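Note that this is a predicted model, so its numbers are computed, not measured.
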Amino acid sequence: MTKLFDIEYTMFKEVLEIKTIKEKRLEKKWSQTYLAQLSGVPQPTISQIENGTRQYPTFENMKKIAEALDLKLEDIFLPSHKDMN
């Protein structure tokens with residue numbers, strides 16, 4: 001269990017561009033409130049993630065946001081590598 005935590009912690013610690021969430025949300029012309037309704041993640045949490053004030057968002061919240069935005073987790077966490085697949 002500790003190893004899994006370490007892997008998840010490392011992944012979040014190395015997030016390259018959280019702004020992908022905001023870009024995709026704005027591309028869809030969605031408000032943070034609407035994304036919150038679709039994802040089940042509170043709007044203040046989405047705001048903190050987008051603004052970079054929430055340093056270590058939970059894996060579960062990031063997964064919910066990604067699903068609501070039709071993104072893969074790697075699109076959020078490794079946006080500069082998404083063209084490598």
Side-chain angles (χ1 to χ4, degrees):
M1 187 67 154
T2 302
K3 185 163 180 98
L4 179 60
F5 174 78
D6 288 14
I7 292 168
E8 287 184 5
Y9 176 80
T10 301
M11 180 169 52
F12 288 119
K13 190 175 174 189
E14 296 175 0
V15 169
L16 298 177
E17 293 183 55
I18 288 294
K19 69 180 184 176
T20 302
I21 293 169
K22 185 174 185 177
E23 289 172 353
K24 187 68 168 182
R25 178 180 62 78
L26 293 175
E27 179 183 301
K28 291 177 174 282
K29 298 181 172 46
W30 291 356
S31 66
Q32 289 180 348
T33 302
Y34 186 68
L35 178 56
Q37 290 170 349
L38 289 178
S39 66
V41 176
Q43 182 276 326
T45 300
I46 292 171
S47 176
Q48 291 169 351
I49 290 169
E50 287 186 355
N51 294 322
T53 56
R54 182 165 289 225
Q55 290 183 329
Y56 303 108
T58 66
F59 181 81
E60 192 59 35
N61 281 344
M62 295 306 291
K63 183 178 174 188
K64 288 177 182 179
I65 291 170
E67 289 172 356
L69 290 169
D70 270 341
L71 292 170
K72 297 177 187 172
L73 284 174
E74 57 264 24
D75 292 338
I76 294 173
F77 293 113
L78 302 170
S80 61
H81 299 282
K82 62 185 165 191
D83 296 326
M84 295 174 66
N85 293 332

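Across every non-hydrogen atom of Ala36 and Gln43, the tightest pair is CB-N, 3.6 Å. Counting all heavy atoms, side chain and backbone alike, Asn61 lies closest to Thr58 at N-OG1, 3.1 Å. Residue Ile49 comes nearest to Met62 through the heavy atom pair CD1-SD, 3.9 Å, listed as atom of the first residue, atom of the second, then distance.
A salt bridge does not link Glu60 to Lys63: none of the charged nitrogens lies less than 4.0 Å from a carboxylate oxygen.
The distance from atom OG1 of Thr20 to atom CG of Leu69, rounded to the nearest 0.5 Å, is 10.0 Å. Expressed to the nearest 0.5 Å, how far OH of Tyr34 lies from OG of Ser39 amounts to 11.0 Å. Rounded to the nearest 0.5 Å, atoms CG (Leu35) and CD1 (Ile65) are 6.0 Å apart. Of the inter-residue distances, the one linking Lys28 atom NZ with Leu38 atom CG reads 9.0 Å to the nearest 0.5 angstrom.
For the pair Thr45 (side chain) and Val41 (backbone), a donor-acceptor distance under 3.5 Å is absent. When atom types are taken as modelled, the side chain of Asn51 and the backbone of Ser47 share a donor-acceptor pair closer than 3.5 angstrom.
Among the candidates Glu23, Lys24, Lys22, Lys29, the single residue satisfying the side-chain contact (heavy atoms from CB on, under 4.5 Å) test with Leu26 is Lys22.
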